[in-house]
Structures are given as structure tokens and as C-alpha cells.
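The structure under discussion appears below in the form of C-alpha cells.
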2 protein chains.
Amino acid sequence: MLQAGTEIDTSEALTERQQAVLDAALRLLVEEGDNLTMTAVARRASCSKETLYKWFGDRDGLLTATVQWQASKVRVVPVDGKGLDLASLTVSLERFASDWLKVISSDTSIALNRVAVGHAGSGKDDLGAIVLENGRFALAKRLKPVLEAGRQAGFLDFSDAETAFRTFFGLVARDVQIRLLLGDRLELTDAAIGGDAVRATQQFLALYGAKTGPQGP
Amino acid sequence: MLQAGTEIDTSEALTERQQAVLDAALRLLVEEGDNLTMTAVARRASCSKETLYKWFGDRDGLLTATVQWQASKVRVVPVDGKGLDLASLTVSLERFASDWLKVISSDTSIALNRVAVGHAGSGKDDLGAIVLENGRFALAKRLKPVLEAGRQAGFLDFSDAETAFRTFFGLVARDVQIRLLLGDRLELTDAAIGGDAVRATQQFLALYGAKTGPQGP
DNA sequence: ACAGAACCGTAACGTACGGTACGCGGACTC
DNA sequence: GAGTCCGCGTACCGTACGTTACGGTTCTGT
């Protein structure tokens, strides 16, 4: 599916200064999109181009480092499936949905996805794979245990966790991400996100909720 | 939401030759992505660069013309909501789902969406708006009458057609489009598309099917 | 048949930008 | 305080590509 080796190792030992430079690059990426120049990054980060090249090799290297740097910042806490009841499962799902909507509607996510999509055509770098690995696939890895726990506890009924996850994903994201990526103004207030999260969760439970309760026949 | 004036007028009176040139540009766009050069287009189309510039103004003009040209090619037949029963509604939805999956997984759609997404950041042109208008919004315009007819006939139950449509959209597309755009290899066989279409339709009917039949209490 | 336009092929120009080289100042070592 | 290293600022180079210009060829209307 995805070639191996796209996982991020945060042990890359980035110095303070390098992180600052990457942050500057990230801000510039959000503002300028893919047409940011090395000179602009150097100026914004108050460093020399030579340093940029020494540290990151070339432009693509800088871009990948920036994307990985942002990815490494959004590490999240795993959830525990202990002592699960329907209410806590529901809030878990709602929380996942709300978090995900917040992420994909954030400026940095949009910018990052834009450049990754743009680069995905010409196989020069693996930006697309990196974004995918830290976005959609990371979400699946975090959510699936919750789904499994829900099934174990008898609240959910599905045969394939992957399919169930993708349905949940679709119910949450719908057309939001593609519209945002394509430049549609689509202001998502916190209230709207919250509403969508509970709607998606309710729909998901309606589709995959076990007909029989946890102590069913 | 989207600024006005993004609708496509096919009455742009493109000559045979111009269409051929745009077809060449389109093929090149699919192969090369956004880094296609004017020289390459001229060579592929066996025309001179001067002609390119005379006809389309500049590079962005050529790109927009190409996108509009492709968009104009996928005009579809409207459906009639007459004599509706549950079976025909179901096949209609399945057909929409299957068609949509075929579209978003096609090479040209992926390439077009890629360049449009890439250009969406820097507001130089309206590629994103054009793609959106002829993709997601065109789909909504075609599908909503079907949904309304289904409600009228008593098979569907929803308060807002827009919300219902977006749910259907999410159930059908799920993570397919973003994964493809980001370069994930994701071969969609015709069989898989067909299966997804019926699954999405069933799920949609489970969520929005009227509890009471057409002759309900 | 002939004038004129439309168009092809290619050469040329300008520029933006990726990448490199060099000089300088500050920090740290001994 | 001399030597060394790191990094900033800047000037510079090479190239790719958008855009324009021009001579030759084909099409079109009369």
C-alpha cells in the first residue's frame, strides 16, 4: 500500500535552532504555499541559505523535514479500553471526530496537505506518504483499538475494523477536507464541529451499534 | 461560499483545433502533473507557443481552459423522479455512488484535482473553484432532486437535503479521494467499486430511510 | 492565382530561483 | 590572545522556463 520507511523517527536529534528554523519554514509554508523560496525561509528564520543546505540537503529535504517536524508535534495519548460503557464509548468517538475535524480544518494541515498533494504526482519525495502516515493512518491506528474494545464490550457489531473505521472516517470528514483543500471558504466554528461530531457518532452507532446489548442472548 | 462567476459556459466556442490542443494539454497534465511546460504542450500538440499564448493568454489561462474543457466533457443526463419505487431509488443511488467512485479514482480526475489543490493556495486562478463546481457541487445538484423525490415518495426521511447529501457523499467517498491525491496506491477494481456503491447505499438507506413506508399511517 | 491571415518551428530574452562560494563576527578552547 | 568552528549575510552562478519575436509554410477568401 505504502512503501515502507515512511515512519517518523522523532529521535532525529533536532537542535533548538533547527526546530526554530523549521517552525519558520512551517509558518512560511502556511502563508505562501508551495511557492516559498529558500531565500524567503532563510530571511524569515534569520539564517543563511548555506546553513539551510548544510542542514537539510536541498529544498525537498527542507520540505520533508518541515512536514516531519509538524507531524512529530501532534503525537497524542493512546486511549485505554478499560471499564467501557456506552456513554464513554460515545464520548470517545465524539472526541475523535471533533479532534479530526479540528485538525483537517486547521491552516497548517491544509497547507501541508496542499504541498503534499502537489508533490504526490512527481515522485521526487514522499511528502504524501508522510502526511498520510501521520494523518489518516495514525488516526486509524488510534481509533481501531477503541472500536475493538467497543465490540468486545458488546456495544459495536462489525466484522472488519478497517471497514468500520473507514465508514466512521467518511461520516466525520464527508466533503470537508477536499473542499478546504480546493480553496472553498468553509468556516467551521467550534459549535459546528461539535455538532458534526455528535451527528457522525450517532450515525456510526446507528450503523454499527450492536442490536443486542452487552448482556444480549 | 464560492464566489460567483465560476460556472462553466460551454458556449466558449472552442474550435476543433483548440479542443485538440487542450486534449493534448490534458494528457500531458495527467502524465507530468503541474510541472508541465509550455514548450512540452506545444510540442505534444504540434502547435507553436505563439499560438498557445494567443489563444489562452498565459500559462494559467491554458490551465484553466484545460480544466474547463475537461469539465465540459462530463456533462451528464438528468434523472427523472417519476414513477419512483424503492428499487429504482436504490439503483439510482448505487449508480451515483459507483459513478462518483469511478470519477474520483480516474487518472484525469486525480491529476486535475492535484493541480487545482496546488493552485488553491496562491489565489492566482480559480482552478479550485472550477473543479469544485464541476465535481462535488455538480454532483450535489444532480443528486438532490433524486433525494427529494425519494422523500416525496415516502422512502426517505430527512429535513435538510444538503445534510443528507453530504452524508451520502461521505459514505461513498470515505478516505478514497484524499488517499489517492496523496499518492496512496489504492487499486479500485470495478468489483470493489460496485461493492462499495451498494454498501454505501445500504448504509445511507439505513440512516435516512423512512421508518414508515410510502403508505404509512 | 494571389493577398493576407493563421499558424508552425525555433531561436532569443528576461527573470526567478535553487544551489554554491566567500567574507566576517562571535563563541569556545587552550 | 591566537586558532578554530559555526553560522549569518550576501554576492554569485547556472539553469529552467515563461514569454516574445521572427522567418517560413499552409490555409482561406475572392
Side-chain angles (χ1 to χ4, degrees), chain A residues 12-67 69 111 114-116 118-119 121-127, chain B residues 12-67 69 111 114-116 118-119 121-127:
Chain A
E12 199 49 54
L14 287 173
T15 127
E16 257 333 305
R17 182 78 182 101
Q18 287 171 329
Q19 298 181 3
V21 168
L22 289 185
D23 273 327
L26 191 57
R27 286 199 308 276
L28 213 47
L29 203 63
V30 172
E31 299 170 16
E32 304 278 341
D34 197 6
N35 38 9
L36 86 174
T37 79
M38 298 296 276
T39 345
V41 173
R43 193 162 37 223
R44 175 69 67 99
S46 293
C47 76
S48 84
K49 286 211 285 177
E50 190 169 18
T51 307
L52 252 41
Y53 283 102
K54 181 189 298 184
W55 284 349
F56 307 107
D58 58 357
R59 189 174 187 275
D60 280 336
L62 174 65
L63 252 45
T64 13
T66 307
V67 172
W69 166 237
R114 286 219 179 111
V115 311
H119 282 225
S122 64
K124 285 204 55 179
D125 44 31
D126 288 332
L127 288 189
Chain B
E12 198 50 55
L14 288 174
T15 120
E16 254 338 301
R17 182 81 181 99
Q18 287 171 329
Q19 298 181 2
V21 169
L22 290 185
D23 273 327
L26 190 58
R27 284 199 309 276
L28 213 47
L29 203 63
V30 172
E31 300 171 16
E32 304 278 341
D34 197 5
N35 38 9
L36 87 174
T37 78
M38 298 296 276
T39 338
V41 173
R43 193 161 39 222
R44 176 69 67 99
S46 293
C47 76
S48 86
K49 290 210 272 181
E50 187 173 17
T51 307
L52 252 40
Y53 282 100
K54 181 192 294 185
W55 283 349
F56 307 108
D58 57 358
R59 189 174 185 275
D60 280 335
L62 174 65
L63 252 45
T64 10
T66 305
V67 172
W69 166 236
R114 285 218 179 112
V115 311
H119 282 224
S122 64
K124 287 205 57 180
D125 44 32
D126 288 332
L127 288 190

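So you know, we letter chains A, B, ... as the sequences are listed, proteins then strands, and number each from 1.
When A:T66, A:V30, A:V41 are each tested for a side-chain contact (heavy atoms from CB on, under 4.5 Å) with A:L36, only one passes: A:V41.
Put simply, OH on A:Y53 is 18 Å from P on D:dC12, counting in whole angstrom units. To the nearest angstrom, C1' of C:dA6 lies 12 Å from CD of B:Q18. Rounding to whole angstrom units, CG of residue B:D125 and P of D:dG18 are separated by 14 Å. Here D:dT20 presents its C1' atom at 13 Å from CG of B:L52, a figure rounded to the nearest Å. The nearest whole Å value for the distance from the CE atom in A:M38 to the P atom in C:dC17 is 13 Å. Spacing between atom CD of A:E16 and atom C1' of D:dG7 amounts to 17 Å, rounded to whole angstrom units. Protein atom CG of B:L36 is 14 Å distant from nucleotide atom C1' of D:dA16, rounded to whole Å. Protein atom CZ of A:R43 is 14 Å distant from nucleotide atom C1' of D:dC8, rounded to whole Å.
Across the interface with DNA chain C, nearest-nucleotide mapping of A:N35 and A:S48 shows A:N35 to be the residue nearer the 5′ end. In this structure, B:D60 and B:E50 both approach DNA chain D, and ranking their closest nucleotides by distance from the 5' end singles out B:D60.
Side-chain contact between B:M38 and B:Y53 is present, with heavy atoms from C-beta onward closer than 4.5 Å.
Residue-level contact check: B:L62 touches neither bases nor backbone, having no heavy atom under 4.0 Å from any strand. Using a 4.0 Å heavy-atom cutoff across all strands shown, A:S46 reaches sugar-phosphate atoms only and no base atom.
Counting atom types as modelled, B:K49 pairs a side-chain N or O with a base atom of D:dT19 as donor and acceptor under 3.5 Å.
Here B:W55 reaches the OP1 or OP2 of C:dC7: one of its side-chain N or O atoms lies under 4.0 Å away. Proximity of A:R17 to the phosphate of D:dC8: a side-chain N or O atom is located under 4.0 Å from OP1 or OP2. The side chain of B:T39 places no N or O atom within less than 4.0 Å of a non-bridging phosphate oxygen (OP1 or OP2) of D:dC17. When the side-chain nitrogen and oxygen atoms of B:R59 are compared with OP1 and OP2 of D:dA16, none of them lie within a distance under 4.0 Å.
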Determine whether A:D34 and A:R59 satisfy the following criterion, salt bridge (Lys or Arg N to Asp or Glu O under 4.0 Å), listing intermediate values before the conclusion. CA-CA 11 Å; A:D34 197 6; A:R59 189 174 187 275; 3.5 Å; yes

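Listed here is the closest heavy atom pair of B:A42 and B:S48: CB-C, 4.2 Å.
A salt bridge is defined here as a Lys NZ or Arg NE, NH1 or NH2 lying under 4.0 Å from an Asp or Glu carboxylate O, and A:E32 with A:R44 fails to meet this definition.
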